[in-house]
Amino acid sequence: MQERYNPAEIEQRWQQVWEKRQAYQAETDSDRPKYYLLEMFPYPSGRIHMGHVRNYSIGDVVARFKRLQGYNVLHPMGWDAFGMPAENAAIQHGTHPALWTEENIRNMRLQLRRMGLSYDWNRELATCSPEYYRWEQLIFLKMLEKGLAYKKSAAVNWCPDCETVLANEQVEDGCCWRCDNAVEQKQLDQWFFRITRYADELLDRTEQLPGWPESVLTMQRNWIGRSHGCEIDFPVEGTDSAIRVFTTRQDTLAGATFMSLAPEHPMALKLATAGQRDSVRAFIDKVGKVEKIDRTSEDLEKEGVFTGSYCVNPLTGQQVPVFLANFVLMDYGTGAVMAVPAHDQRDFEFARKYQLPVQVVIQPEGELLDPERMQEAWTGEGRMVNSGPFDGLPNEEGKQRVADFLKAEGRGEPTINYRLRDWLVSRQRYWGTPIPVIYCAACGTVPVPAEDLPVTLPTDVKFSGAGGSPLKSQASFIETDCPVCSQPARRETDTFDTFVESSWYFLRYASPHYDQGPVDRQAVDYWLPIDQYIGGVEHAVLHLLYARFWTKVMRDLDMVGIDEPFTNLLTQGMVCMETRSCPEHGWLYPEEIDAGNQCLKCGSPVTTGRNEKMSKSKKNVIDPDGLIQRYGADTARLFTLFASPPEKDLEWNEQGVEGCSRFLNRVWRLIYEHHELVVGAALPEESSLQGPARDLRQQVHKTIKKVTEDIDGRFHFNTAIAAVMELVNAISAFPGKTEHPEVLKEAFETVVRLLNPFVPHVAEELWQHLGHDQGVDTPGWPAWDEKALETETLLMVVQVNGKVRGKVVVPAEADRHVIEQAALEDSNVRRYVEGKQVRKVIVVPGRLVNVVVS
RNA sequence: GCCGAAGUGGUGGAAUUGGUAGACACGUCGGUCUCAAAAACCGAUGGGCUUUGCCCGUGCCGGUUCGAUUCCGGCCUUCGGUACCA
């Protein structure tokens, strides 16, 4: 055994051993309980960052721990390989996206291997390979058959400079994130997935996901945004048509004194009377020019224009003027709103601005609303007034009654509205899965026959950066024959949103090489659902909602037998670090600052900012490679696990890293100094131990229990590691090392085995030095001996009136009376009890005694 | 505005079911070793005091309880999500 701990040498060696042993390959084995552990797969950007290190360190502890507990663990890794950065790199540097991506994967795979993560690399997949996306195309065809995929014209964010649509996240302050040009709304024919068909199930099943964080479930519920209400028809005066509105407040129907339509509403122009036509046109034009982002901002002034037309309130029969209003959105509800100024703040402001009548129809308890003097709308509860037959009803009950009335009269019906929109999956990009559809002049939109899949992405394309997707000018790709009539036809040139690939990769891992379909049903039935999914909270809605949707689609296609893909979800926090900036040069890297905390370039004093998420733009990043080089992967892993619990943000602290490195060095040295003592020793016999030897053995077993319970389900790795540190401190201080080598041996072996999931390389190395030929994982996870936990005496805290006044040691089996006696005899306790009357003595077994005096 | 999470020493954090607040680590201070330094090791470290011990202390105010970081009510602050959603 070497005197010095040399992480670089031992880590490389053990990684080779594991690889040779194929130690982490998972095989379907119905005789063993399975455990499917998954971390969200990375985009192959080229280098891993600290967020990855944290995510995968957390996952690896769980994977190794579950394996040691005897589970058949599936722990795969792959690449979310399609996406815009590859294409941007192609435009900027001329490298083909495929080569760029491959190179990045190669590099990142090496980085992950250097971390010693226990992946089953035989199951590795990259979503950009035709063997993967061909099955996605097949599922799309099936969705098309079921009406779950469809094409429609929709307004999308369009960057005229890049000639492509942008996802909402790619629009920053109304401008393109890449070229900083203003984003426009453009009407385009786009492919959608009908996720709204699953809105109810996606929402209702959130109640049955106890293993998910409440915050994520709430976000999903809000995103789906189901609201119960009514659709109501307001007949237009002098015509036989009607305007249909959606409302959740049908109880306020009698108070609807005007009507607001979205300027894009199909009836908007038709309703304009001759005298109003010009101003209506001008208003529609004006609103149309405002970007969507401003349109939905809070500071936008509420404006409208009168159409000149009236409709009729179906409850009161009153005449109601019809306005167009800039705050009414065409893509929610029906694009028309019944305006109830007394009970909706927006309508109230609008009514005051245009001097429209305010009619109170809900009176709150203990308050009398006066329409003349109201300063704001009353949106709370109350009793219905001015509502004819409904007067006096509590408004909640009124909702039901008004809905029933409308239905009976044929004027409306109860409806459910969702905030959730269908998922727009078309992208005018090259580096994605081609949408397998052909357009034929005679036959229209024709799906590519399943036997012709995959539609592969052509590789011989040119990237100019202009003219949009290179597929559009790739004749060899576009030109094809119609599968129906064999006449010349054109291929779809749009590709899928990359969220499509990440919606089912976790299913593919069960049988990644299966070539008869997307998944091998047997493998999926064995491995799925995922027992533990781990990733960043930034995916709380998008990816996690899409993945749930896709799983349900595949279930309904009889491809999988599960309803939900992720049983337990852990959303890990961000990795943060302080920022430093100079008034001259902006953000600074630590190496751009001198010892006196001044900028190396200009000498200005450096301002230290607060902890923020690590990002290159703010120069508060740590490069995992450098970290591993300096300290080793084990230290990097240990620090990210020790510094904070996984769901919280992690504050980077170089000194904390050094502390972890120091700890591993201490363990190494301690074992180095004593390993000859313990290598030949037997393991201890419980009964024969006394004093410090017995105490140490007790702590060994207490630590096993604590670490087991901390890891299992709780994921409190920080306290688990702290417990091992305490044990190491106790071993250091143990006076009986030479007298009790057997106790020392058990203690050392326990430390090494407990540390194994966290720092696997050094654990293997030390295990070997403790005289074992086989891996540290061979004996499985250590079990604690209940007998060793038993004590003869207990330390009990004595309180007087709830304040700690003393501590007494009592026999473990002492009864209430004996404990009470001992407590009252304590000299300090006596000072507080003497001369007072003891009212009550509370004894909490094994913990404390509280003497209540007065 | 609404929804969610959080607030504990100089710092990261611990206290699992209402039972010794501050485990573990970082930092700081003092010491040992050394020509010196680093490393390593040992000790101290919430604040205050009349220091065998006492008082105060978990964002603020109140409540329940023998006992509250933990439960309840009301506020304040920070972070995250989301929004003219009718």
Side-chain angles (χ1 to χ4, degrees), chain A residues 213-223 225-227 229 245-249 252 256 260 262 295-302 325-329 331-340 343-347 349-350 379 417-419 537-538 540-541 571 573-574 610-611 639 642-645 647-660 662-663 665-666 669 706 709-710 714 716 718-726 728-729 732 795-807 827-828 831 839-854:
Chain A
E214 198 52 41
S215 57
V216 173
L217 293 174
T218 309
M219 279 192 229
Q220 295 218 347
R221 287 177 196 133
N222 292 343
W223 188 266
R226 179 165 66 192
S227 43
V245 302
F246 172 74
T247 181
T248 55
R249 293 297 307 271
T252 65
S260 305
R295 179 83 185 276
T296 53
S297 99
E298 206 168 339
D299 353 299
L300 181 76
E301 200 185 336
K302 291 171 185 42
N326 61 351
F327 61 87
V328 179
L329 307 171
D331 57 6
Y332 185 79
T334 62
V337 180
M338 69 173 205
V340 185
H343 306 292
D344 180 283
Q345 187 58 27
R346 286 158 306 172
D347 297 343
E349 286 167 29
F350 197 86
T379 54
N417 229 299
Y418 301 89
R419 213 181 78 93
V537 73
E538 65 273 18
V541 173
T571 50
M574 299 180 299
R610 61 168 194 186
N611 275 297
F639 175 72
F642 177 63
S644 73
E647 66 278 5
K648 284 227 232 166
D649 285 352
L650 169 77
E651 281 179 39
W652 194 263
N653 174 346
E654 194 71 21
Q655 282 155 337
V657 180
E658 265 163 37
C660 286
R662 208 143 59 203
F663 169 69
N665 273 292
R666 265 187 80 202
R669 236 180 5 252
K706 163 92 178 140
E709 290 171 353
D710 275 353
R714 256 163 54 98
H716 284 206
N718 53 336
T719 51
I721 293 164
V724 180
M725 287 175 170
E726 283 182 81
V728 171
N729 291 345
S732 280
L795 177 72
M796 293 193 66
V797 169
V798 186
Q799 297 181 334
V800 179
N801 286 348
K803 294 199 182 224
V804 179
R805 298 300 179 192
K807 283 162 199 178
S827 61
N828 200 42
R831 281 178 34 201
R839 297 273 173 205
K840 201 163 26 161
V841 179
I842 289 146
V843 177
V844 182
R847 286 199 185 268
L848 61 67
V849 182
N850 191 8
V851 184
V852 186
V853 299
S854 62

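Sequence lines set the chain letters: A, B, ... in the order given, protein chains first and strands last, and positions in each chain run from 1.
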Exercise. Have A:R666 and A:N729 got a donor and an acceptor in their side chains that come within less than 3.5 Å?
Worked result: yes

For this session: Could you tell me which non-hydrogen atom of A:V541 sits nearest to which non-hydrogen atom of A:Q220, and how far apart they are?
Result: O-NE2, 4.0 Å

Problem set entry | Pairwise P distance for B:rC60 and B:rC49, with rounding to whole Å | 22 Å

Exercise. What nucleic acid atoms does A:R805 come within less than 4.0 Å of, heavy atoms only: base, sugar-phosphate, or nothing?
Worked result: sugar-phosphate

Problem set entry | Counter-base of B:rU28, judged by Watson-Crick or G-U geometry with both distances under 3.5 Å | B:rA44

Exercise. Is A:N665 near enough to B:rA39 that one of its side-chain N or O atoms lies under 4.0 angstrom from OP1 or OP2?
Worked result: no

Problem set entry | Rounded distance in Å between the C1' positions of B:rG63 and B:rG18 | 15 Å

For this session: Using only side-chain N and O atoms of A:R346, determine if any of them is under 4.0 Å from OP1 or OP2 of B:rC85.
Result: yes

Exercise. Are A:R249 and B:rA86 close enough that a side-chain N or O sits under 4.0 Å from OP1 or OP2?
Worked result: no

For this session: Report the residue (A:V216 or A:V537) whose heavy-atom-nearest nucleotide on RNA chain B is the more 5′ of the two.
Result: A:V216

For this session: Can you figure out which of B:rG12, B:rG53, B:rC66 approaches the side chain of A:V852 most closely?
Result: B:rC66

For this session: Answer with base, sugar-phosphate or nothing: what part of the nucleic acid does A:R669 contact at a heavy-atom distance below 4.0 Å?
Result: sugar-phosphate

Exercise. B:rU70 and B:rG57: how far apart are their P atoms, nearest whole angstrom?
Worked result: 14 Å

For this session: Tell me what A:P213 touches on the nucleic acid: a base, only sugar-phosphate, or nothing, going by heavy atoms under 4.0 Å.
Result: nothing

Exercise. Using a cut-off of 4.0 Å on non-hydrogen atoms, how would the nucleic acid contact of A:N417 be classed: base, sugar-phosphate, or nothing?
Worked result: nothing

Exercise. Is the glycosidic angle of B:rG57 within 90° of 0, making it syn, or outside that range, making it anti?
Worked result: anti

Problem set entry | Inter-residue atom distance A:F327.CZ - A:K302.NZ, 0.5 Å rounding | 7.0 Å

Problem set entry | Separation of the P atoms in B:rC56 and B:rU8, to the nearest angstrom | 22 Å

For this session: Could you work out the separation of B:rG7 and B:rA15 based on their P atoms and round it to a whole Å?
Result: 12 Å

Problem set entry | Residue met sooner reading RNA chain B from 5', once A:M219 and A:E651 are mapped to nucleotides | A:E651

Problem set entry | Interatomic distance, A:N222 CG vs B:rA5 P [rounded to whole Å] | 12 Å

Seminar exercise, completed: Counting primed atoms, P, OP1 and OP2 as sugar-phosphate and everything else as base, the B/S/- map of nucleotides 18-30 of chain B against protein heavy atoms under 4.0 Å is -BB--BBSSS---

Exercise. Just by distance, do the side chain of A:D649 and the backbone of A:M574 share a donor-acceptor pair under 3.5 Å?
Worked result: yes

Exercise. Considering only the P atoms, how many Å lie between B:rA36 and B:rC54, rounded to the nearest integer?
Worked result: 45 Å

